[in-house]
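Protein chains get the first letters and strands the later ones, always in sequence-line order, with residue 1 at the start of each.
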Amino acid sequence: MASEKHLFALMLERVQAAAAAVLGATADLSRVVVEPPRDAAHGDMATNAAMVLAKDAGVKPRELADTIAQALRADPMIETVDVAGPGFINMRLKPAAWLGELRAAIESGASYGESRMGNGQKVNIEYVSANPTGPMHVGHGRGAIFGDALASLLAFTGFDVTREYYINDAGAQVDVLARSAYLRYREALGETIGAIPDGLYPGDYLKPVGAALAKEFGAKLQNKPESEWLPAVRARGIAMMMDLIREDLAALNVKHEVYFSERSLTAPQDQVAATIDLLRKQGKIYEGRLPPPKSGAVEDWEDREQTLFRSTDFGDDVDRPLKKSDGTYTYFAADIAYHKAKIDRGFNDLIDVWGADHGGYIKRVQAAVKALSGGKAALDVKLVQLVKLLRAGEPVKMSKRAGDFVTLRDVVDEVGKDAVRFMMLYRKNDAVLDFDLAKVIEQSKDNPVFYVQYGHARAHSVFRNVRETFPDFPSEAKARIARLHDAKLDLLTDEAELSLIRKMAVYPRTLEAAALAHEPHRIAFYLYELASEFHAQWTRGKDLPHLRFIIQNNPELTEARLALVQGIVTVLGSGLGLLGVDAPVEMR
RNA sequence: GACCCCGUAGCUCAGCCGGAUAGAGCACCAGCCUUCUAAGCUGGGGGUCGGAGGUUCGAAUCCUCCCGGGGUCGCCA
């Protein structure tokens, strides 16, 4: 029921209406928010309306608050209105309002929390984009999961989302891949290749590539100059590496709709050249010199005139080169053409997910997007910080030279998709993440993955158990929900039960805020809190049997409480779904 | 040297486009198992929000400077 407004959105409208009635229709109400107060003792909902509007109105916040509060008191959904602190308006809704929201959640089911906030706006989100030169590591996995969850969240909140993978199949690295694969090809034909030379990829994962090449070409490529075999070997190598990457992503349930090849930007048509020409005509490109970098990082710096993009005109720190000394394009030049292609496909809302080591690259690409779109398109770059792999608190040793680094697939195979996905989302994207292989599979409350999944499973165990007392209660989900449709929700009067409903009702608002901020981790934290309140209510029934969900001789109360449980199940299931984590019906 | 990210309880981290006495988990202390899964719950102690200024009725949040950790800085992608 995406068309109906959730309770917080509804109350925001009413508060804004009340404010407009007091201040007139011209008042700017955009900064007014309605949110759950920090302290539940203050009420169910609080608004800052009086405080943000007081200045323009030329009134004291408290006075304005009193006036708006008076207008709100007429609202039939509101029980009490108080003014507190510097001018907060605290509201307590009638229980019926919350119970109505619970009913809406149950009846909306999987679509509860869906919104039209995005208005169908096209969003392109590019993530993973790992080089097709070998298996992915856990850092790639974090970007993959982050991008995937963000895409799901944006789609759920009303954006028209395209998930995209940029294949870096054009640079020097894929030539290295080709040479490495060629070596394995010779090996597959029976040659002794000895140690893999420095500068080539040593991993065993190229052996199947060599074998496949030997099968396809026989000895035809053997003892031939590089120019004769490299393009074909490179193409086979890239294809097989992409297959490998796609499989690894599939194991994490990460999918993309568009795989965009960097190579396709230069052949058959050279779109990079075309883009440079276009920008040059617009005066955004010139031939000039750059000051040398202020670090020792560039040893063979040579001062020369080169083709430069005027990125400083669009917010960057220095102008950026588009061609290397050998005349080929820089990665940046291709990236400009790539982002132009996105804009040309109708995207004005671009999101790129990169590793933190690419942070220094943000301004120039944003500058390019600005220049290409005349300021119409915006690029938000989300950096994912590195992942530190631990096992029971001890760092997992990884030596890339020895080739024994732990791949993403190793981790997924060891702890499972759900643990990887949840833990990677249980942290802000720009914070370094400790990933403990031992902890994430622990079946205890110390493991947030388990804790939230267990909450969902525990709720379902209530549905199973109730049939021992009331055998006619349906076991199948659809029939259960239909049965709960007529539950007498006003029997839910316990304060903790109502508090649980209020927590549940924050879900749609949490999703909208997370979507606007491009921060899917907020969903994970919210789910943890909701699960926690549910576990608490469960345990309360131990000491206080009258608070149990199943009450022996009271089918009506039992039904009402099962409706509450159904609401929790709905939200936990929905939120886990957005994160791409399974919501199990029982823990095994 | 410049730019970017981070700095919140002993530890790991939240803090919702500035808001009401700064939160959670772990760890520590004290409790709760004759059946809705103790795979859990309840209570307690513990913080100059890195530092100093500034803007504001109000700053962990915005601005400036400084300190500490990480990253990046034309021909890697």
Check for me: is A:Y331 stacked on B:rC76 by the 5.5 Å centroid and 30° plane-angle rule? no
Tell which nucleotide pairs with [N], taking only Watson-Crick or G-U wobble pairs whose two distances are both under 3.5 angstrom.
N      : value
B:rA60 : none
B:rC73 : B:rG1
B:rC28 : B:rG44

What class does the angle between the rings of [X] and [Y] fall in, given that below 30° is parallel, 30 to 60° is tilted and above 60° is perpendicular?
X      : Y      : result
A:Y451 : A:H535 : tilted
A:H460 : A:F463 : perpendicular
A:Y166 : A:F260 : tilted
A:F549 : A:F534 : parallel

Between [M] and [N] - [atom1] atom distance, rounded Å:
N      : M      : atom1 : value
B:rG46 : B:rA22 : P     : 13 Å
B:rC33 : B:rA38 : P     : 12 Å
B:rU48 : B:rA30 : C1'   : 30 Å
B:rA60 : B:rC17 : C1'   : 16 Å
B:rU61 : B:rA52 : P     : 12 Å

Of the residues in residues 521-532 of chain A, which ones touch RNA chain B at a heavy-atom distance under 4.0 Å?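 Residues of residues 521-532 of chain A under 4.0 Å from RNA chain B: A:H521, A:R522, A:F525, A:Y528.
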Which parts of residues 449-463 of chain A get close to RNA chain B, meaning a heavy atom less than 4.0 angstrom away? A:F450, A:Y451, A:Y454, A:R458, A:S461
The single option from A:D418, A:L576, A:L579 that satisfies side chain to side chain contact (heavy atoms under 4.5 Å, CB included) with A:V452 is A:L576
May I have the distance from [X] (atom [atom1]) to [N] (atom [atom2]), rounded to whole angstrom?
X      : N      : atom1 : atom2 : answer
A:H535 : B:rG25 : NE2   : C1'   : 14 Å
A:H358 : B:rC76 : NE2   : P     : 14 Å
A:D175 : B:rC76 : CG    : C1'   : 13 Å

Should the pair [X]-[Y] be classified as a salt bridge under the 4.0 Å nitrogen-to-oxygen rule?
X      : Y      : answer
A:R289 : A:D303 : yes
A:D434 : A:K439 : no
A:E497 : A:R502 : no
A:K342 : A:D352 : yes
A:K363 : A:D317 : yes

Any N/O pairs under 3.5 Å between the protein and nucleotides 10-12 of chain B? List them or say none.
residue, atom, partner, partner atom, Å
B:rU12, O2', A:R427, NH1, 3.1

Using the test side chain to side chain contact (heavy atoms under 4.5 Å, CB included), find all partners of A:R427 that sit at least two apart in sequence or belong to another chain.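 Expected list: A:R142, A:A431, A:L433.
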Would you check if the side chain of A:T47 reaches a backbone N or O of A:I89 as a donor-acceptor pair within less than 3.5 Å? no
Sorted by first residue and then second, give each side chain to side chain donor-acceptor pair (under 3.5 Å) pair with at least one member in residues 515-530 of chain A; sequence neighbours left out. A:D380-A:H518, A:K503-A:E529, A:E519-A:R522
Any donor-acceptor pair under 3.5 Å between the side chain of A:R31 and the base of B:rC17?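 Checked by distance alone, the answer is no.
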Distances under 3.5 Å between nitrogen or oxygen atoms of protein and nucleotides 43-46 of chain B:
none

With a 6.0 Å cut-off on the ring centroids, do A:Y127 and A:Y165 count as close? no
